[in-house]
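Written below as structure tokens is the structure these notes are about.
Given the structure is predicted, the values throughout are model-derived calculations rather than measurements. Basis for what follows: all heavy atoms, side chains included, without hydrogens, waters or symmetry-related copies.
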Amino acid sequence: MNGPRLARALAAPAPGWTTAADAVVVGSGIAGLTAALELRTRVPRVLLVTKGELSSGSTVWAQGGIAAALHPEDTPDAHLTDTLTAGGGLSDPDAVRVLVTEGPDRVRELVARGTTFDLGPDGGIALTREGGHRADRIAHAGGDATGREISRALVAQIDAVRHDPGIEVIENALVLDVLTGEPGAGGPGSGGRPPVAGVTLHVRGAGTRDGVGAALAPVVVLATGGVGQVFRSSTNPPGATGDGIAAALRAGAAVGDLEFVQFHPTVLWRGLGAKGQQPLISEAVRGEGALLLDVDGVRFMPAEHELAELAPRDVVAHAIVRRTAATGADHVLLDARHLGAAFLRRRFPSITARLAGHGIDWTEEPVPVAPAQHYHSGGVVTDARGRTDVPGLYAVGEVACTGVHGANRLASNSLLEGLVFAHRAARDVARRYDDGELRHAPDPVARPGGTGLVAAPARSRVQRATSDGAGPVRSAESLARAAADLAAVRTDAHRASDVVADPQAAEWETTNVHHVATALVHAAALRTESRGGHFRTDFPAPDAAWQRRVALALDEDGALAEAVPAVAR
């Protein structure tokens with residue numbers, strides 16, 4: 001059954017300038033930076049495009065660490081087992097095996113690239129444990145600043161080669177759409193599908209308000225991060241507006257597992273009116289022994305799961321939702337006082353400072369916490385090389401759906417996934433370039449289906465609809481209400497005389513938010529069971545008939561429909 005209709009392109013001015021490259025990488029988190037660094041010495045010209053400054057990727061917000069079987073008593077097979085368990089039966093075992101077997105070498109390469117991890121007494125990388133892991137395999141840096149340290153090291157590597165003619169960095173650039181060519185122009189192996197021809201992008205502050213240009217290339221690697229701003233409250237930065245998923249959808253790519261949204265259990269509760277990016281209290285805090293209490297001081301997780309506070313995140317988040325409903329409270333409490341003030345300040349300096357900024361001394365008092373959107377397990381469907389079913393289009397990191405996470409991401413597997421699969425995607429592009437498969441970008445052509453634009457003020461309405469209808473707890477009624485609210489949003493604002501909207505950054509981002517929200521709600525309505533990060537009160541148990549991926553794509557008229565991706569397992 002076909003779903004709602006979406007535009008096949010953003011309403012935007014014609015490009016006022018053009019550049020060309022052999023590969024365009026979009027995003028500057030761990031996945032984008034790794035892909036760009038790997039491609040730089042393997043193809044003649046790489047263009048790295050980032051929405052903000054080079055150091056502003058989502059990776060900098062990662063507190064907990066990066067998971068890998070680095071301990072002599074740990075094994076990739078044990079890591080695989082924990083990952084499959086967390087994935088709720090939907091993880092692709094082959095993709096997970098790639099992750100866990102290649103992960104240790106990729107982490108060691110991070111060290112070679114300048115990343116300084118915290119060390120243990122023996123001088124090796126210190127390893128800790130987080131929820132869902134049955135071994136100490138989480139490497140961290142700066143206590144709770146792992147992402148910031150990894151980003152620093154990789155950005156330094158890019159800065160060192162900025163003047164290399166083989167790489168160009170464009171900062172403060174929002175990618176609007178993935179350009180595609182005529183069907184069949186991708187050559188043998190493309191299946192007659194329209195291939196990538198590059199991207200359109202808007203460079204902010206480049207002389208005109210629009211600053212729209214085109215970067216032509218036979219390869220585009222999307223590494224645009226998550227979808228946090230689709231929800232009213234999230235740990236994601238403001239730039240996480242789902243740009244990559246939306247652009248890939250409009251270009252004809254299949255997206256999968258969109259319904260599986262990870263709500264982090266322990267996000268600082270700042271009141272019912274809080275919105276936007278919220279302070280995260282890392283899972284590593286519970287890994288060190290912090291306890292979850294309800295507002296009556298009762299520890300409730302031992303009765304919920306054998307791993308208690310270290311149960312997979314979906315289990316903890318749902319337990320908190322049930323506990324708050326039972327107590328009539330809006331939050332629970334994270335109690336770390338017994339760990340000691342000196343330890344908390346040394347191990348978690350960033351969290352300590354952030355809480356102090358909100359007037360909380362967690363060495364003396366429990367911290368009020370509640371679940372908030374944190375990570376998206378779904379994304380653009382890829383194979384183990386990062387290829388999507390649009391010839392020349394790759395996706396890596398959180399924007400991708402590799403099959404690793406399934407219904408629920410295991411803690412600290414996200415940085416590792418971005419690292420491992422960005423490396424694999426870059427190597428695949430390089431091989432195809434050497435084999436002569438990738439030569440010149442095809443000429444871009446307009447896609448059928450029309451253009452769209454959503455007015456910036458509508459973002460709060462979209463976020464409210466998604467949060468209320470597709471939050472941690474869902475139902476057919478809540479999802480139908482959300483779908484109706486999203487359908488009522490004016491998506492042709494550039495043609496309506498009574499709507500104030502012009503093609504510009506806020507409108508383009510809001511359109512992306514609306515497109516992703518619409519697809520996510522549709523996928524959640526299709527899956528009539530509960531599994532991992534998708535919980536429905538009307539179908540509270542897993543159903544073996546749904547042990548499969550829900551994949552969606554747009555037809556030529558822009559209607560969402562279930563799809564069988566060419567790269568699907």
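Rounding to the nearest 0.5 Å gives a distance of 5.0 Å between CG of L415 and CD1 of I30. Atom CD1 of I138 and atom CD1 of I66 lie 9.5 Å apart (nearest 0.5 Å). Here CD of E149 is found 5.5 Å from OG1 of T115. Values are rounded to the nearest 0.5 Å. Taking SG of C401 as the start and CG of D92 as the end, the distance is 9.5 Å to the nearest 0.5 Å. Going from atom OG1 of T510 over to atom NE2 of H515 covers 11.0 Å, rounded to the nearest 0.5 Å. Rounding to the nearest 0.5 angstrom, the gap separating the OG1 atom in T19 from the CG atom in L201 is 9.5 Å.
Between V454 and V489 there is a side-chain heavy-atom pair separated by less than 4.5 Å. Counting only heavy atoms from C-beta outward, the side chains of I158 and R40 never approach each other to under 4.5 Å. At least one side-chain heavy atom of L37 sits less than 4.5 Å from a side-chain heavy atom of R113. Proximity of Q373 to V227: side-chain heavy atoms (C-beta onward) are separated by under 4.5 Å at one or more points. Using a 4.5 Å cut-off on side-chain heavy atoms (C-beta onward), D243 and L174 make contact. No side-chain heavy atom of V390 sits less than 4.5 Å from a side-chain heavy atom of V178. Using a 4.5 Å cut-off on side-chain heavy atoms (C-beta onward), Y433 and P218 make no contact. Looking only at side-chain heavy atoms (C-beta outward), L33 and L54 come within less than 4.5 Å of each other.
Minimum heavy-atom separation, A395 to T382: O-CG2, 3.5 Å. Taking all atoms of both residues into account, the shortest heavy-atom contact from A253 to D389 is CA-OD1, 3.4 Å. Of all heavy-atom pairs between P4 and H522, the closest is CD-ND1, 3.9 Å. Closest heavy-atom contact between G228 and N236: N-OD1, 3.1 Å. Taking both residues in full, the closest heavy atoms of A7 and G452 are given as CB-N, 3.3 Å, listed atom of the first, atom of the second, then distance. Listed here is the closest heavy atom pair of S412 and G65: OG-O, 3.2 Å.
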Exercise. Walk me through it: do V196 and V219 pass the test side chain to side chain contact (heavy atoms under 4.5 Å, CB included)?
Key: CA-CA 6 Å; V196 157; V219 168; 5.9 Å; no
Exercise. Mind running salt bridge (charged side-chain N to carboxylate O under 4.0 Å, His left out) on D428 and R431 for me, showing each step along the way?
Key: CA-CA 5 Å; D428 187 63; R431 182 197 60 76; 3.5 Å; yes
Quiz item: Are D159 and R162 close enough, and set up right, to give a salt bridge (charged side-chain N to carboxylate O under 4.0 Å, His left out), and what steps lead you there?
Solution: CA-CA 5 Å; D159 282 339; R162 272 207 193 225; 2.9 Å; yes
Quiz item: Between D105 and R108, does a salt bridge (charged side-chain N to carboxylate O under 4.0 Å, His left out) hold up when you go through it step by step?
Solution: CA-CA 5 Å; D105 284 343; R108 294 184 186 103; 3.1 Å; yes
Practice problem: Walk me through it: do N512 and L10 pass the test side chain to side chain contact (heavy atoms under 4.5 Å, CB included)? | Solution: CA-CA 9 Å; N512 288 337; L10 292 175; 4.2 Å; yes
Exercise. Could you walk me through whether L258 and V550 pass the side chain to side chain contact (heavy atoms under 4.5 Å, CB included) test, one step at a time?
Key: CA-CA 8 Å; L258 295 190; V550 173; over 6 Å; no
Quiz item: Can you check side chain to side chain contact (heavy atoms under 4.5 Å, CB included) on L99 and F421, steps first, answer last?
Solution: CA-CA 8 Å; L99 179 85; F421 287 92; 4.2 Å; yes
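Among E102, E38, E417, the one residue that satisfies the salt bridge (charged side-chain N to carboxylate O under 4.0 Å, His left out) test with R424 is E102. Only one option out of V26, I170, T200 pairs with V175 in a side chain to side chain contact (heavy atoms under 4.5 Å, CB included); it is V26. The only member of E398, Q262, H376 that meets side chain to side chain donor-acceptor pair (under 3.5 Å) when paired with R409 is Q262.
Looking at Q229, its side chain does come within 3.5 Å of a backbone N or O of P237 through a donor-acceptor pair. With D118 contributing its side chain and G142 its backbone, the two residues share a donor-acceptor pair below 3.5 Å. Of the possible polar contacts, none joining the R8 side chain to the L554 backbone as a donor-acceptor pair under 3.5 Å is found. With hydrogens and angles disregarded, a donor-acceptor distance shorter than 3.5 Å links the side chain of W508 to the backbone of A11. Using modelled atom types, no side-chain atom of T241 and backbone atom of V513 make a donor-acceptor pair closer than 3.5 Å. Between the T388 side chain and the L393 main chain, a donor and an acceptor come within less than 3.5 Å of each other. N408 places no side-chain N or O within 3.5 Å of a backbone atom of G533 that could act as its donor or acceptor partner. A donor-acceptor contact shorter than 3.5 Å is absent between the side chain of D502 and the backbone of Q504. Counting only distance, with no hydrogens or angles, the side chain of E507 and the backbone of A456 share a donor-acceptor pair below 3.5 Å. Side chain of D164 to backbone of G166: a donor-acceptor contact under 3.5 angstrom is found.
With sequence neighbours excluded, no residue satisfies side-chain hydrogen bond (donor to acceptor under 3.5 Å, both in side chains) with T34.
With 3.5 Å as the limit, one finds no donor-acceptor pair spanning the side chains of H140 and T146.
Crowding of E53 atom CD: a count of heavy atoms from other residues, nucleotides or ligands under 6.0 Å not exceeding 12. Counting non-hydrogen atoms of neighbouring residues, nucleotides and ligands closer than 6.0 angstrom, the CG atom of D443 reaches no more than 12 such neighbours. Annotation: R148, atom CZ; neighbour count of heavy atoms from other residues, nucleotides and ligands within 6.0 Å does not exceed 12.
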